[in-house]
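Notes to accompany the following structure.
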Amino acid sequence: VSSSIVTEKSNKLVENLMISVDTKSLIWGKVLGALGVVMAQLGLMIVCGIASGIITMLAFGMDQIVLPEQLATVVSATNMPGLSLFNIIVAVVSFLSGVLFFAIMAALFGAAISKTEDMGEGMKIFNVILVLSAYAGLGIKISSLASGGGGLIERILCFVPFCTPFLAPANLLTGVIPLYLVLAILAVQIISIVLLSMLVTRVYRSMIMYKGDVMKLRQIFRLARRKEADPS
């Protein structure tokens, strides 16, 4: 997402695109394209898993597909009491919403970069946020498993959009949090995505003519309150 934004800005293609395409449409086109790739990868993994099971069943003359022992243990009713078709759909939607949230955030940082050679430096903060969010979810999950159940902190972190995709889907399937709570978390995710999208659109529009150095996070938010960036 960020790479495509910076490339269009550096070769001045975006100036021609904005003549006939709305700024919001430009952003969402890149974000949904990236999400489409993730969904395609996830779908292919599922298809390959099913195909592998069918081939194995036919090759060894089995009556039904048999899951590997480790996988069967993980998805057992003991470890995943919340494993149902509807819960799986909600968990996947929650996960994809988290992917969408981070994709839009990547667009935010990409909009603040004007040259392709600055990509590495400009995306550092985004990478740090992504890694810290993942490890925060992992750390709180390890802590809750060690204590024998999910605590209040874990439930609160599920509502934080940065940690939601790393906690909420698994917690729903493992029965740590109920379905109604995950639906509330999903609502918070959607609101966060809408607000972040508005911020990205504003920054992107203001940064079209900007040719300076990579902006810091506080400069990005300050820019969102103004109409246009200094093109110098």
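Note: the hydrophobic cluster containing W28 does not contain M198 (ILVMFWY, side chain heavy atoms under 4.5 Å, direct or indirect links). V92 and L44 fall into different hydrophobic clusters, defined by Ile, Leu, Val, Met, Phe, Trp and Tyr side-chain heavy atoms under 4.5 Å apart, directly or through other members. The same ILVMFWY cluster, assembled from side-chain heavy atoms under 4.5 Å apart, contains both L183 and V188. V182 is connected to Y180 through a chain of hydrophobic side-chain contacts under 4.5 Å among Ile, Leu, Val, Met, Phe, Trp and Tyr, so both are in one cluster. Cluster annotation: V1 and M39 are assigned to the same hydrophobic cluster (Ile/Leu/Val/Met/Phe/Trp/Tyr, side-chain heavy-atom contacts under 4.5 Å, transitive).
Applying the ring-ring contact (aromatic ring centres under 6.0 Å, His included) test to F126 and every residue at least two apart in sequence or in another chain returns nothing. For F102, there are no ring-ring contact (aromatic ring centres under 6.0 Å, His included) partners, not counting sequence neighbours.
Closest approach of S94 to L186, counting heavy atoms only: CA-CD1, 4.0 Å. Closest of all the heavy-atom pairs between L172 and L179 is CD1-CA, 3.9 Å. Nearest approach of V31 to A107, heavy atoms of both residues: CG2-CB, 4.5 Å. Of all non-hydrogen atoms in M123 and S2, the two that sit nearest each other are CE-OG, 3.5 Å. Minimum interatomic distance between C158 and N171 (heavy atoms only, all atoms of both residues): SG-ND2, 3.5 Å. Between S97 and I193, the shortest heavy-atom distance links the atoms O-CD1, 3.5 Å.
Put simply, the side chain of T174 gets close to the backbone of A170: a donor and an acceptor are under 3.5 Å apart. Using a distance-only test at 3.5 Å, with no hydrogens or angles considered, no donor-acceptor pair links the side chain of S143 to the main chain of G139. The backbone N or O of V160 lies less than 3.5 Å from a partner atom in the side chain of T164, making a donor-acceptor pair. Proximity of a side-chain donor or acceptor of R155 to a complementary backbone N or O of L181 within less than 3.5 Å is not detected.
Rounded to the nearest 0.5 angstrom, C163 SG and L132 CG are separated by 9.5 Å. Within the model, atoms CG of L108 and OG1 of T201 stand 10.0 Å from one another, a figure rounded to the nearest 0.5 Å. Once rounded to the nearest 0.5 Å, the distance linking CG of L35 with CG of L32 reads 6.5 Å. The distance from atom CG of L167 to atom CD1 of I185, rounded to the nearest 0.5 Å, is 8.5 Å. Atom CZ of F162 sits about 12.0 Å away from atom CG of L157, to the nearest 0.5 Å. The OG atom of S52 sits 11.5 Å away from atom CE of M57, with the distance rounded to the nearest 0.5 Å.
The six-membered or imidazole ring of Y135 lies away from that of F166, with a centre-to-centre distance of 6.0 Å or more.
Contact annotation: the side chain of I50 approaches that of I46 to within less than 4.5 Å [non-hydrogen atoms, C-beta and beyond].
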>> Before you tell me yes or no, could you show the steps for L199 and L195 under side chain to side chain contact (heavy atoms under 4.5 Å, CB included), namely the whole-Å CA-CA distance, both residues' side-chain angles and the distance that decides it to 0.1 Å?
In response: CA-CA 6 Å; L199 175 63; L195 294 176; over 6 Å; no
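Residue L138 qualifies as enclosed at atom CG: its count of foreign heavy atoms under 6.0 Å is above 12. The local environment of CZ in F159 is crowded, with over 12 non-hydrogen atoms from other residues, nucleotides or ligands closer than 6.0 Å.
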